[in-house]
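Every chain is numbered from 1, with letters handed out A, B, ... down the list of sequences.
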Amino acid sequence: MTSPSAVALSFETEFRALGARKRLVSLAYGALFLLALGLSTWVGEFDPLKLLRSLPRIHEYAVKTMPTLSMATLWHDLNEWFYAPGKWLTLLWETILIAYTATLLGTVGALALCFHAAQNLRRGTVSYWLVRRIFEVARTIPDLVYALIFVFAFGIGPLAGILAIAVHTMGGSGKLFAETVENIDMKPVEGLRATGANWLQMVRYAVLPQVLPNFATFTLWRFEINVRTASVIGFVGAGGIGQELYTAIRMLYYEDISALLLLLVVTVMLIDVGCEKLRHGMIGKEH
Amino acid sequence: MRELISDIDAAAIADTRARYPLAFAAPLPVRLGRWGAWLAFVVFTAYCFWTFEVSPVRLWAGSGKLMEVASHLFPPTVGEAFNDYLWALLQTIAMAFIGTVIASVLALPLGLLCARNVLPVRIAQFLFRRTSDTLRGIDQVIWALIFVRAVGLGPLAGILAIIISDTGTLAKLYSEAIENAEKKPVDGIRACGGNALQTIRFGILPQVLPLMLSNALYMFESNTRSATILGIVGAGGIGFYLADRIRTMLWEEASFIMIMILVAVYLIDWLSKLVRRRLIGAAPDTAGGLH
């Protein structure tokens, strides 16, 4: 039998060896990280000094966008700042409608396809593979690129933007929907199969009730994202407030920039809060 | 005695229906509410379609043109600028990497200040939260366009855009993680006489660091996707070439660039998943799939 001190000694050496190995691994990871950072700095033409030198210019830009407001003539100054409220609010409303319509169309597409892309419900290898690839391409190509293509095909205007965001939404939501479906309880599915239900009936009565609350949450959250996206598709001529913003930024209408951004941020915040409320309402119902 | 299915006749059903009406249908006000909601939904949607002139004729005409584009997308052709494309693609990834690294560092103090259990001053918390909301509420592309005007064309504008918008997003995620942290270690450090900084360093950070790393890695993935479009407004990376090839209708080359982007995104996703598993075990996705 080994003496206690020998046990302690062997423990000590083992512990030290483990510690040394762990330090080595951490060191290797740290080195790898630094290497990646160095490479990125080179490829990305990133110069911290240049960044520092650009800070005063950014500050100057930010100061210029600030409106001149004085307490004495506040109402007049505000009117000057938001000189086109009707036009901007209309564009903002259009932006929200674009996001809504696109979310709706994209979600319908995702809903129609997602059950084919779920491992546990798939109807055939070909459709499973095809739908997965469709989702991947739809969400990996950026929405602004779709917008560029659709502006070419459907002409300048909101329709191109709606379709672009819808395609992207279909890909993103479709993936999440399929993952949700893969995590369902399979017992109701087996039950319905046993009664001789066909595939569509099985999806409707065994799967949909389980996943609908999750789908609704994802969709609300997607709508929030799409409002943000809808605010930039105007950059390539696909409708919404983006066109106005693009002009303001390119032409250096400084005060317009801050006014439009303020409107946009407030809108986005209100929508986020509203969606949050709806989501909590739905989750409350579920439990 | 148990009833058999065959024993149930129309009268029995009618009888049950009379006794338990709620088992067969929701009460009238609820049903009316549901119909109202559906009606509102349909009317609103119809209004949207009408506003945007979504008509079968327009869709048909557009899809005709789209088919034409699709036929031109094949076969993808490299053209003469493969090296430029590859460099721009690497630049996109580099931008995403640098941006995420800096943002994940900057987001740490902001995230701490946004967390209820670190800074229990309502008004300060409100201000810091609105700051991070503002950074997050403005799309990355808008930031990129602004920085292009402020610091000039090139990847620096893109990196700045990524830093700004990601600092907002990560600060929110961090503050949520911090608020969900176990309180006991914090109490322990405080009881030992640790000051605020020591409490954060030894009580909170060890708990939330893996989650933060996971979030940062996730943002890196997300950024490689979003950084591909920053070039459209001149903020560096592959987006410049892609937008240019689409605008000049060089579809074969555009599709080649798109395939390059697809491959790069797959590789980055795979790599990030690998690192995440190594670093924090098989932790579930905390941030959900933004894309």
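- For the options B/Tyr47, B/Phe44, B/Phe49, heavy-atom pairs under 4.5 Å to chain A are most numerous at B/Phe44.
- For the pair B/Glu179 and B/Arg129, the tightest heavy-atom approach, listed with the atom from each and the gap, is OE2-NH2, 2.7 Å.
- Stacking of A/Arg133 on the aromatic ring of A/Trp129 is recorded, both the 6.0 Å distance cut-off and the 45° axial limit being met.
- Looking at A/Ile233, there are no atoms closer than 4.5 Å to chain B (heavy atoms on both sides), in backbone or side chain.
- Within the 4.5 angstrom heavy-atom criterion, only side-chain atoms of B/Arg247, from C-beta onward, approach chain A.
- Between A/Trp221 and A/Phe218, the angle of the ring planes lies from 30° to 60°, which puts this pair in the tilted group.
- With a 4.5 Å cut-off on non-hydrogen atoms, A/Val232 touches chain B through its side chain but not through its backbone.
- Ranked by heavy-atom pairs under 4.5 Å with chain A, the list B/Met95, B/Arg58, B/Gln140 is led by B/Arg58.
- Neither the backbone nor the side chain of A/Leu262 has a heavy atom closer than 4.5 Å to any heavy atom of chain B.
- Among B/Val233, B/Leu156, B/Ile261, the residue with the largest count of heavy-atom pairs under 4.5 Å with chain A is B/Leu156.
- There is no contact between B/Val148 and chain A, counting heavy-atom distances below 4.5 Å.
- For a residue to count as touching a neighbouring chain, one of its non-hydrogen atoms must lie under 4.5 Å from one of that chain's; by this rule B/Ile146 touches chain A with backbone and side chain alike.
- The closest side-chain donor-acceptor pair between B/Tyr266 and A/Glu136 falls under 3.5 angstrom.
- Interface remark: A/Val268 contributes side-chain atoms only to the contact with chain B (heavy atom separation under 4.5 Å).
- Neither the backbone nor the side chain of B/Met67 comes within less than 4.5 Å of any heavy atom in chain A.
- Of the atoms belonging to B/Ile159, it is side-chain heavy atoms, and not backbone ones, that fall under 4.5 Å from chain A.
- In this pair, A/Tyr100 and B/Phe41 present their aromatic rings perpendicular. The plane angle is above 60°, beyond the 30 to 60° band.
- For A/Ile249, the parts sitting under 4.5 Å from any heavy atom of chain B are the backbone and the side chain alike.
- Proximity of A/Val236 to A/Phe150: side-chain heavy atoms (C-beta onward) are nowhere separated by under 4.5 Å.
- Aromatic ring pairs are classed by plane angle as parallel below 30°, tilted from 30° to 60° and perpendicular above 60°; the pair B/Tyr85 and B/Phe256 is tilted.
- Both the backbone and the side chain of B/Leu66 come within less than 4.5 Å of a heavy atom in chain A.
- Comparing A/Arg250, A/Lys50, A/Arg53 by heavy-atom pairs within less than 4.5 Å of chain B, the highest count is held by A/Arg250.
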I'd like to know whether B/Asp139 forms a side-chain hydrogen bond (donor to acceptor under 3.5 Å, both in side chains) with B/Ser165, so could you lay out the CA-CA distance, the side-chain angles of the two residues, the decisive distance to 0.1 Å, and finally the verdict.
CA-CA 7 Å; B/Asp139 198 275; B/Ser165 67; over 6 Å; no

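- Using a 4.5 Å cut-off between heavy atoms, A/Glu224 does not touch chain B at all.
- Put simply, the side chain of B/Ser214 never gets that close to the backbone of B/Pro210: no donor and acceptor are under 3.5 Å apart.
- Proximity to chain B involves both the backbone and the side chain of A/Leu37, based on heavy atoms less than 4.5 angstrom apart.
- Heavy atoms of B/Leu90 lying under 4.5 Å from chain A belong to its backbone as well as its side chain.
- The residue among A/Val227, A/Ile98, A/Asp47 with the most heavy atom pairs within less than 4.5 Å of chain B is A/Ile98.
- Both the backbone and the side chain of B/Leu145 come within less than 4.5 Å of a heavy atom of chain A.
- Proximity to chain B is limited to the side chain of A/Leu163, based on heavy atoms less than 4.5 angstrom apart.
- Residue B/Ile93: no heavy atom, backbone or side chain, is found under 4.5 Å from chain A.
- Across A/Trp42, A/Tyr61, A/Tyr246, the residue that shares the most heavy-atom pairs under 4.5 angstrom with chain B is A/Tyr61.
- Using a 4.5 Å cut-off between heavy atoms, B/Val151 touches chain A through backbone and side chain atoms alike.
- When each of B/Val69, B/Thr45, B/Val265 is checked for heavy-atom pairs under 4.5 Å with chain A, B/Thr45 comes out on top.
- The cationic atom of B/Lys65 (NZ for Lys, CZ for Arg) does not lie both less than 6.0 Å from the six-membered ring centre of A/Phe154 and within 45° of the ring axis.
- Proximity to chain B involves both the backbone and the side chain of A/Ala36, based on heavy atoms less than 4.5 angstrom apart.
- For B/Val101, the part sitting under 4.5 Å from any heavy atom of chain A is the side chain, from C-beta outward, and nothing else.
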